[in-house]
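Labels below follow one simple rule: chain letters A, B, ... track the order of the sequence lines, proteins then strands, and each chain is numbered from 1.
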Amino acid sequence: MSDIPTDISHDQHAVRRQKLADLRAGGSDPFRASVAPTHFSADAKALYVEGQDNAVTVTVAGRLVTFRVQGGSSFVKIQDQQGPIQLYFRRDVLGEERYGVFKKSLDLGDIIGVTGALFKTKTGEITVRVDAFTLVAKALRPLPEKWHGLSDAEQVYRQRYLDLIVNAESRARLLLRSRVVSHIRRFLEGRQFIEVETPVLEATAGGAAARPFVTHHNALNVDFFLRIATELRLKRLLVGGIDRVFEIGRIFRNEGVSRKHNPEFTMLEVYQAYSDYRGMMALIKDLLTTLCAEVLGTTKIKHAASGQDIDFAGEWREVSYKELIRTATGDAEWFSRSKAEKTAAAEKLGLAIAPAWEEFEITNEIFSKKIEPTLIQPTFVTHLPKELCPLAKLNAEDPTVLDVFELTIGGMEIAPAYSEQNDPDAQREMFEQQAGEEKQNIDQDFLLALEHGMPPAGGMGVGIDRLCILLTGAESIRDVILFPQLRPSDAK
RNA sequence: GGGUUGGUAGCUCAACGGUAGAGCAGUUGCCUUUUAAGCAAUUGGUUCUGGGUUCGAAUCCCAGCCAGCCCA
């Protein structure tokens with residue numbers, strides 16, 4: 001009465017659904033089964049004692065990633081958080097029926113748990129000789145190709161789980177990022193910094209010059225902005241007597257998406273009372289050298305774009321912004337030139353200058369396009385022009401510049417730091433004088449807090465994503481963010 | 001936002017304007033220490049979408065969608 005027997009052998013989804021249905025019909029539903037692993041894969045392998053096959057029994061679980069059946073015996077590999085471990089299935093150990101289930105019902109991608117003793121194969125691989133196995137999740141969709149992995153960029157980002165299963169480098173980058181953040185926390189906690197969490201939703205998006213995302217709070221019936229920095233909140237905590245404070249927080253900026261920009265990214269901001277920008281220099285150098293040593297096991301990293309090795313252990317160069325500009329333009333009197341002269345000189349360097357730009361914006365275009373990309377080794381660029389940041393203290397000798405630095409590594413801005421402005425009147429004036437693209441919204445509540453007295457402090461921001469790009473040699477910020485922002489697409 | 005490259009089987013990729021193929025995966029056999037296991041046979045396509053040109057379009061043209069890269 002029906003034409004059921006259609007050939008589904010070409011449709012892997014249908015084949016796998018049929019296998020699941022058969023299992024359920026036979027009384028075993030994988031999605032109702034469970035397993036209690038005793039070890040992760042690498043930990044299990046570490047238990048093997050040289051020359052003592054079958055001495056240690058373990059239960060491990062993971063996803064089937066290779067499947068090699070050879071008649072009555074089979075080698076497969078499963079993969080867990082720590083990586084792969086090989087399993088050895090034998091008909092004469094499992095019995096005819098269970099071995100048949102193993103061969104017929106399991107597919108690449110299935111999640112299984114197995115119990116068995118460790119031994120070493122002829123070729124020297126520590127392997128579990130399986131006494132019993134349980135299917136605990138049936139994969140109804142096939143894995144990507146086993147050798148080439150998944151390379152379609154769109155699918156890598158949209159289905160990151162597949163990328164993590166089949167591309168070991170992606171998994172390694174994820175693990176490295178986790179260790180980076182973990183080290184930063186331990187480092188700062190070791191110096192008595194206190195970690196806090198401040199609001200993402202703000203009535204005024206301050207602390208940086210950037211376009212914010214806007215959202216709406218229904219109950220209060222007001223628009224809120226997603227924060228573009230954590231700076232002004234953390235400084236309120238300095239006022240409140242938290243002398244060493246940091247936040248590792250998600251920041252949102254409603255701007256372009258590129259190899260170096262994701263609309264949401266992670267920033268460490270750290271503030272230390274009774275310190276200043278020079279104190280932050282020592283702090284970041286210590287943080288990054290210990291970070292490299294611990295996470296990478298070396299203080300030298302390869303920088304593919306320049307072909308250089310970046311050496312974190314050496315002396316870090318310190319050079320003022322003005323000196324870099326004078327050198328790059330070959331003009332010792334650059335800062336007393338007229339706007340017309342600056343424009344002409346910048347255009348001669350091949351830069352496009354908009355007529356509306358302020359003079360400092362012309363100069364800064366030279367810095368960001370012609371100078372910053374060449375600063376490969378760790379470089380503290382100090383004393384930026386006062387227009388570039390309203391939240392720092394002016395330099396005592398040269399009030400046209402700030403007591404700040406911008407740490408640049410691999411041609412990328414990694415960490416800006418300031419001697420923080422704590423004079424409420426000077427702060428208000430700085431806010432009001434802001435011009436051009438650097439204009440920030442004025443946060444009146446913040447100024448009120450300053451009037452209550454904020455201790456002198458050094459403060460610093462560190463872009464975690466960019467730091468991870470540097471440490472992993474990634475080509476794009478999307479390689480260090482698990483789920484980068486993409487245009488939504490209808491799932492199939 | 002502009003320029004540019006790409007979108008073909010589950011995945012990785014081929015295919016002068018002339019019957020859309022391979023490897024892996026799948027299916028069926030054989031195979032009890034394999035390492036991208038092997039051997040034999042074999043299934044599988046709305047060529048991103050919509051128009052157009054043409055006797056004939058994966059291929060050429062236009063528009064759109066999505067992604068990568070470069071630029072702003």
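When each of B:U33, B:U27, B:U35 is scored by its nearest atom to the side-chain atoms of A:Gln86, the top-ranked nucleotide is B:U35. Closest to the side chain of A:Lys104, from the set B:U27, B:U12, B:U28, is B:U28. Closest contact between the side chain of A:Ser73 and the listed nucleotides B:A67, B:U35, B:U32 involves B:U32. The nucleotide whose nearest atom lies closest to any side-chain atom of A:Val69 is, among B:U27, B:U33, B:C31, B:C31. Between B:U32, B:G10, B:U27, one nucleotide has an atom nearer to the side chain of A:Pro142 than all others, and that is B:G10. Comparing atom distances between the A:Val15 side chain and each of B:C70, B:U32, B:U27 picks out B:U27 as nearest. Residue A:Arg91 has its side chain nearest to B:U32 when only B:U32, B:A25, B:G68 are considered. Picking from B:A67, B:C31, B:U33 the nucleotide with the shortest atom distance to the side chain of A:Phe75 gives B:U33. Taking the side chain of A:Glu154 as heavy atoms from C-beta on, and the options B:A67, B:C69, B:A36, the nearest nucleotide is B:A67. Looking at the side chain of A:Ala153, the nearest of the listed nucleotides B:G68, B:C31, B:U32 is B:G68.
Residue A:Lys260 places none of its side-chain N or O atoms closer than 4.0 Å to OP1 or OP2 of B:C69. For the OP1/OP2 pair of B:U34 and a distance below 4.0 Å, the side-chain nitrogens and oxygens of A:Arg68 include no atom meeting the criterion. Look at A:Ser151 and you'll find a side-chain N or O under 4.0 angstrom from OP1 or OP2 of B:C13. Phosphate contact (OP1/OP2 of B:A67, side-chain N/O of A:Arg158, threshold under 4.0 Å): present. Contact annotation: A:Arg90 side-chain N/O to B:U32 OP1/OP2 distance is not under 4.0 Å. Residue A:Gln155 places at least one side-chain N or O closer than 4.0 Å to OP1 or OP2 of B:C11. Remark: A:Lys146 is in phosphate contact with B:A25, judged by side-chain N or O atoms under 4.0 Å from OP1 or OP2.
Residue A:Leu162 is out of contact with every strand shown, counting any heavy-atom pair closer than 4.0 Å. When heavy atoms are screened at a 4.0 angstrom cut-off, A:Gly256 is found touching no nucleic acid atom at all. Residue contacts for A:Lys120: at a heavy-atom cut-off of 4.0 Å it reaches no nucleic acid atom on any strand shown. Residue A:Thr121 is classed as a base contact, given a heavy-atom separation below 4.0 Å to a base. Residue A:Phe119 is classed as a base contact, given a heavy-atom separation below 4.0 Å to a base. Base engagement by A:Tyr88 is indicated by at least one non-hydrogen atom pair under 4.0 Å involving a base atom. Using a 4.0 Å heavy-atom cutoff across all strands shown, A:Arg16 reaches no nucleic acid atom at all. Residue-level contact check: A:Arg478 touches the backbone only, with heavy atoms under 4.0 Å from sugar-phosphate atoms and none from bases. A:His148 comes within 4.0 angstrom of sugar-phosphate atoms only, judged by non-hydrogen atoms across all strands, and of no base. Nucleic acid contact for A:Asp11: none, since no nucleic acid atom lies under 4.0 Å from a heavy atom of the residue.
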Check the pair A:Tyr321, A:His383 against side chain to side chain contact (heavy atoms under 4.5 Å, CB included), reporting the backbone distance first and the verdict last.
CA-CA 6 Å; A:Tyr321 183 91; A:His383 300 107; 5.6 Å; no
Under the side chain to side chain contact (heavy atoms under 4.5 Å, CB included) criterion, do A:Asp53 and A:Leu118 qualify, and how do the steps go?
CA-CA 6 Å; A:Asp53 282 0; A:Leu118 296 169; over 6 Å; no
Taking it one step at a time, do A:Arg63 and A:Asp80 satisfy side chain to side chain contact (heavy atoms under 4.5 Å, CB included)?
CA-CA 7 Å; A:Arg63 188 181 297 274; A:Asp80 66 16; over 6 Å; no
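A donor-acceptor contact under 3.5 Å links the side chain of A:Lys77 to the base of B:U35. You'll find a donor-acceptor pair under 3.5 Å spanning the side chain of A:Glu125 and the base of B:U35, going by distance alone. Side-chain atoms of A:Gln12 and base atoms of B:A25 include a donor and an acceptor less than 3.5 Å apart.
By the 30° and 60° cut-offs, the orientation of the rings of A:Phe213 relative to A:Phe252 is perpendicular.
Using Watson-Crick or G-U wobble geometry with both donor-acceptor distances under 3.5 Å, B:G6 finds its partner in B:C66. With a 3.5 Å ceiling on both atom-pair distances, the Watson-Crick or G-U wobble partner of B:G38 is B:C30. When both distances must be under 3.5 Å, the Watson-Crick or G-U wobble mate of B:G1 is B:C71.
Atom C1' of B:U19 sits at a distance of 16 Å from the matching atom of B:U59, rounded to the whole Å. Spacing of C1' atoms, B:G21 relative to B:A9, comes out at 10 Å, to the nearest Å.
Geometric assessment of A:Arg129 against the ring of A:Phe119 yields a positive cation-pi assignment under the 6.0 Å and 45° thresholds.
Aromatic ring centroids of A:Tyr277 and A:Tyr418 lie 6.0 Å or more apart. Taking the six-membered ring where the residue is Trp, the centroids of A:Phe133 and A:Phe89 are separated by under 6.0 Å.
We find that CG of A:Leu150 is positioned 14 Å from C1' of B:C24, with the value rounded to whole Å. Atom CD of A:Gln70 is separated from atom P of B:U34 by 7 Å (rounded to the nearest Å).
Projected onto RNA chain B by closest heavy-atom contact, A:Leu108 and A:Arg129 fall at different nucleotides, the more 5' of which corresponds to A:Leu108.
For A:Asp443 and A:Thr204, the side-chain atoms include no donor-acceptor pair closer than 3.5 Å.
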